[in-house]
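Working notes, beginning with the structure itself.
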There are 2 protein chains.
Amino acid sequence: MTAPRRSDATRAAILTAARERFAADGFERATIRAIAADARIDPSLVMRYYGSKEKLFTAVAEFDLRLPDLDGVPLEGYGAALVAHFLDRWAGDEKLLALLRSGVTHEAAAERMREIFAAQVGPIAARVAPDPASAATRAGLIATQILGFALCRFVLRLPPVVDLDREAAIAWLGPTVQRYLHDTI
Amino acid sequence: MTAPRRSDATRAAILTAARERFAADGFERATIRAIAADARIDPSLVMRYYGSKEKLFTAVAEFDLRLPDLDGVPLEGYGAALVAHFLDRWAGDEKLLALLRSGVTHEAAAERMREIFAAQVGPIAARVAPDPASAATRAGLIATQILGFALCRFVLRLPPVVDLDREAAIAWLGPTVQRYLHDTI
DNA sequence: CGCGAGTGTCAACGCTTGTTGGCATAGATT
DNA sequence: AATCTATGCCAACAAGCGTTGACACTCGCG
């Protein structure tokens with residue numbers, strides 16, 4: 001029962017601006033001053049409400065994992081379902097982009113990314129993997145493909161990857177993820 | 001017939017230090033001062049010999065593409081051969097890591113990365129793709145998997161991906177690349 | 001009304017950054 | 001030996017950074 005504060009709008013504006021800046025520029029190039037300018041407030045307010053740039057980033061990078069619901073999905077459809085889920089998540093939430101852009105040079109962001117993928121993909125792999133001991137490896141492999149796709153599409157903007165539509169992406173990546181989920185080598 | 005200069009050793013030391021710093025920290029976090037300290041020279045010398053931080057990075061990012069020799073390889077071995085080639089390239093050349101770490105926030109590095117993958121993977125895909133029109137897409141898909149693997153292994157250091165040995169990596173990624181090369185969806 | 005907490009503005013701090021110009025020395029050239 | 005260029009170091013610059021503290025204003029509550 002946290003009482004609404006008069007500054008809630010300001011706090012939200014800061015968070016929104018921060019999310020956009022971190023997503024567009026990464027942690028180091030995104031400046032407090034630029035974020036404050038976007039939010040049309042004074043830089044010192046950012047410090048007052050979030051303590052430091054580091055903590056502001058932590059606040060931005062905080063979010064629900066929203067595991068996909070795979071209950072009604074047949075086993076052989078997991079790959080496609082996962083790819084579809086991640087595709088939508090990436091397109092709809094700048095926080096993931098912020099995390100990826102920052103994780104490359106900022107250790108805290110990389111750590112957060114590790115946590116997220118361990119917590120998000122790990123359990124699914126554990127549920128499906130033929131050999132439980134291989135679950136972590138399978139989750140890691142899926143991460144390589146999903147993050148690699150996000151990297152090429154949203155960050156590096158490789159033209160052929162940008163041009164793929166949703167269905168084509170699912171059709172191409174789905175079987176890969178499926179194979180990482182239950183094939184053996 | 002460029003005459004050897006007395007400062008060649010210094011130039012080389014700068015380039016080596018710059019490569020390491022850019023690979024470890026990315027473009028913005030790598031500072032001229034840190035590079036100069038590593039090379040045990042004065043920061044102003046970096047400017048004298050390379051003009052600017054930007055041009056220094058360009059000099060670091062310049063390198064031969066070294067396309068893999070696939071002449072003796074059977075068609076169905078292309079995927080594995082490509083993965084093996086890239087794995088060795090990534091492990092043996094910090095420039096690629098520098099490019100990846102920088103490309104995420106530095107536009108010039110991203111552009112260079114696009115060029116390299118278009119020039120390196122594109123022709124191979126064009127040679128093998130069942131439909132020539134799909135070659136660019138296939139090259140892009142291969143890039144997503146290769147770069148994603150490099151990202152997770154060398155940059156984000158996801159433990160299960162770091163732990164994979166060379167053969168396991170080839171066994172897992174090879175078929176994926178193979179499928180991107182000639183399967184149809 | 002008066003008062004205190006909450007909110008916002010302004011100016012400045014200490015530090016680091018890329019970059020520049022001047023000065024001393026070493027080596028080659030004449 | 002004298003001269004000139006190349007090389008290296010030093011000190012400084014302007015700009016930008018995260019961060020801080022002091023000061024004004026606006027509420028809501030007594």
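We name chains A, B, ... by the order of the sequence lines, and we start the count at 1 in each one. In this text the structure is predicted, and so the values were computed from the model without any measurement.
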May I have the distance from [X] (atom [atom1]) to [N] (atom [atom2]), rounded to whole angstrom?
X       : N      : atom1 : atom2 : value
B/Ile41 : D/dC10 : CD1   : P     : 12 Å
B/Arg11 : D/dA6  : CZ    : C1'   : 10 Å
A/Arg33 : C/dA12 : CZ    : P     : 13 Å
A/Leu45 : C/dA11 : CG    : P     : 15 Å
A/Arg5  : C/dG8  : CZ    : P     : 11 Å
B/Lys53 : C/dT17 : NZ    : C1'   : 8 Å
A/Ile14 : C/dT7  : CD1   : P     : 11 Å
B/Asp25 : C/dT16 : CG    : P     : 16 Å

Identify all side-chain donor-acceptor contacts of residues 125-133 of chain B below 3.5 Å with residues at least two apart in sequence or on another chain.
{"from": "B/Arg127", "atom 1": "NH2", "to": "B/Tyr78", "atom 2": "OH", "distance (Å)": "3.2"}
{"from": "B/Asp131", "atom 1": "OD1", "to": "B/Ala133", "atom 2": "N", "distance (Å)": "3.0"}

### Query
How are the rings of B/Tyr180 and A/Trp172 set relative to one another: parallel (under 30°), tilted (30 to 60°) or perpendicular (over 60°)?
perpendicular
### Task
Report the relative orientation of the aromatic rings in A/Phe22 and A/Phe57; use parallel for angles under 30°, tilted for 30 to 60°, perpendicular for over 60°.
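Ring orientation of A/Phe22 relative to A/Phe57: perpendicular.
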Reckon [X] touches a base, only the sugar-phosphate, or nothing at all at heavy-atom distances under 4.0 Å?
X       : value
A/Tyr50 : nothing
B/Ala36 : nothing
A/Ala34 : nothing

### Task
Could you check B/Gly51 against B/Arg6 and say which one's nearest nucleotide on DNA chain C is further toward the 5' end?
B/Gly51
### Query
Shared ILVMFWY cluster between B/Ile146 and B/Val73, side chains joined below 4.5 angstrom?
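Yes, B/Ile146 connects to B/Val73 through the hydrophobic network.
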#### Entry: NZ/NE/NH1/NH2 to OD/OE distance under 4.0 Å, B/Arg114 and B/Glu107
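Judged by the 4.0 Å cut-off on N to carboxylate O distance, B/Arg114 and B/Glu107 do form a salt bridge.
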Please confirm whether the shortest side-chain N or O distance from [X] to OP1 or OP2 of [N] is below 4.0 Å.
X       : N     : answer
A/Ser7  : C/dG6 : no
A/Tyr49 : C/dG6 : no
B/Ser44 : D/dC9 : no

### Message
Under a 3.5 Å cutoff, is there a donor and acceptor pairing between the side chains of A/Gln145 and B/Thr144?
### Response
yes
### Task
Return the nearest nucleotide to the side chain of B/Asp42; candidates are C/dT9, D/dC9, C/dT7.
D/dC9
### Query
Between D/dG18, C/dT7, C/dT19, which nucleotide has the shortest distance from any of its atoms to the side chain of A/Thr31?
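Within the option list, the nearest is D/dG18.
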### Query
Taking DNA chain C as the partner, which of residues 102-111 of chain A come within under 4.0 angstrom of it by heavy atom?
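Residues of residues 102-111 of chain A under 4.0 Å from DNA chain C: none.
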Per-pair distances, 0.1 Å, donor-acceptor, side chain in residues 24-37 of chain B, under 3.5 Å, sequence neighbours excluded:
{"from": "B/Glu28", "atom 1": "OE2", "to": "B/Thr105", "atom 2": "OG1", "distance (Å)": "2.3"}
{"from": "B/Arg29", "atom 1": "NH1", "to": "A/Thr105", "atom 2": "O", "distance (Å)": "3.4"}
{"from": "B/Thr31", "atom 1": "OG1", "to": "B/Ala34", "atom 2": "N", "distance (Å)": "3.0"}

### Message
Assess the residue pair B/His106 and B/Glu54 against the criterion (side-chain hydrogen bond (donor to acceptor under 3.5 Å, both in side chains)); give the C-alpha distance rounded to whole Å, side-chain angles, the decisive distance to 0.1 Å, and a yes or no.
### Response
CA-CA 10 Å; B/His106 195 63; B/Glu54 191 67 43; 3.0 Å; yes
### Base D/dG8 to side chain B/Arg48, donor-acceptor N/O within 3.5 Å cut-off
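A donor-acceptor contact between them is present.
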